[in-house]
Amino acid sequence: MSKVISGFSKRSKQEKINWLAENYFEKNTHVVEIIQQYWNTDEKLQQLHDDFIENTLTNFYMPFGVAPNFLINNETYVVPMVIEESSVVAAASLVAKYWSTRGGFKTTVLGTTKIGQVHFMFEGDKKELTAYFTNNKEKLVAATASITKNMDKRGGGILDLKLVDKTAELANYYQLHVTFETKDSMGANFINSCLEAIANAFRNDQIEIIMSILSNFVPGCLVRAEVSCPIADLGGENPQKFAEKFYQAVQIAQIEPYRAVTHNKGIMNGVDAVVLATGNDFRAVEAGAHAYASKEGAYKSLSHCTIADGIFKFWLDIPLALGTVGGLTALHPMAKLSLEMLQKPSANRLMEIVAAAGLAQNFAALRALTTKGIQHGHMKMHLQNILNQLGANAQEKEKITTYFDGKTVTHAAVVSKFEEIK
Ligand code: MEV
């Protein structure tokens, strides 16, 4: 039987589930049950989630946790995080508390501009194209008037529009390169609508528009988060040694791409968790962050460290295109709640909070890696996960956790210990 289906999206949810169970599972008795188990009993709420995408069958849970004690520019935040990786929230909480007694995080928004481009082909004389662009530039901006009206009122809109010659890299290829300020909205729809209006006003017999789209490379939408303290205040047995090893770990991530990718992945553990919790687009943030990490032609650490004059300083520069109005931020009840928890931040403030979460995560990872090793903390959470899978009760959990203190946790060893005490 052919498994290609037409008109799938028009079928009812139940019909879609039945079709899936019948056609793509060998034993399908569990399929409907599992899918329905995750339906929300509140039909209105379920409908809201169903409508986010096409062909929704059910919901996929991710844990929503919080990391308290984030002191950022002298304000204390409880930071919402959506993430499945077991050690991330624990690490963020520990590090937030640690820095809260050492001055907290200092953050600065370094820029808020975003870019969109109309990509087009033109085979004629460049001078004619330049003249056509110059003569029509005002008209092109005016073509977006109905779209930019509200954004203009909020102090945003189109900041710059220029013609870029890319023919040296690709024959006949030019761009209209447009700079935007989108205030508290992430701005993807706004930017794309403006670009399409500009493209329509620009096209003529000689100009072939290829596409009009925002860029997720946003080096102009940049935030810095920083922590610093006297080296002596870092604590531990030998704070000077700790600072030196930590500094070297960051230097390694500056020059070694294999390490830099993992280093930055650790930063994104914190960043993505808050981006997701606040209903923002984590794919856009990921793409932009990694492109920024490669901006000098080699992939490098997004964070930096200095130890000079007895001061330890550790900071992160990261491009973040975020919104606190519009999109999912207004629709998803949990995203709304997250933003309320963060005291309804502006997009700039959210950039600062997200960057602080990223820096905290990076600090936690480097502190663990350069001291006890990463597995120490991971193993504790790993053990809890295995115990949950095995259905251990509180008493059994306590006994087995004590037993494994300082020992290597393997699935087999935990199962064997569990069976022994059962
Ligand atoms: C794991 O999710 C993240 C780390 O690998 C980051 C790092 O190595 O810096 C621990």
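Indexing begins at 1, ligand by ligand and atom by atom, following the structure's order. Each residue takes its place number in the sequence, starting with 1. Given the structure is predicted, the values throughout are model-derived calculations rather than measurements.
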Relative to the ring of W99, is the ring of F312 parallel (under 30°), tilted (30 to 60°) or perpendicular (over 60°)? parallel
Give the atom numbers and elements of ligand 1 that come within less than 4.0 Å of a heavy atom of L369. 7 (C), 8 (O), 9 (O)
Tell me the protein heavy atom at minimum distance from atom 9 (O) of ligand 1, and give that distance in Å. R259 NH2, 2.7 Å
Q46 and D50: side-chain donor and acceptor closer than 3.5 Å? yes
Test your reading of the model: is there a side-chain donor-acceptor pair from S294 to the backbone of H290, 3.5 Å cut-off? yes
Return yes if some donor-acceptor pair links the side-chain N/O of D184 with the main-chain N/O of A347 below 3.5 Å, else return no. yes
Show which atoms of ligand 1 fall inside a sub-4.0 Å distance from at least one heavy-atom site of H263. 9 (O)
When only distance counts, is E85 in polar contact with ligand 1, meaning an N/O pair under 3.5 Å? yes
Please could you name the atoms of ligand 1 that K265 approaches to less than 4.0 Å, counting only its heavy atoms? 1 (C), 2 (O)
Would you please classify the geometry between the Y174 ring and the F120 ring as parallel, tilted or perpendicular, with 30° and 60° separating the classes? parallel
So which heavy atom in the protein is nearest atom 5 (O) of ligand 1, and how far is it from that ligand atom? T262 CG2, 3.5 Å
Can you tell me which residue and heavy atom of the protein come closest to atom 10 (C) of ligand 1, and the distance to 0.1 Å? I374 CD1, 3.6 Å
Atom 3 (C) of ligand 1 [closest protein heavy-atom partner, distance rounded to 0.1 Å]: N269 ND2, 3.6 Å
Within the 6.0 Å centroid threshold, strictly below: W19 and Y24: yes
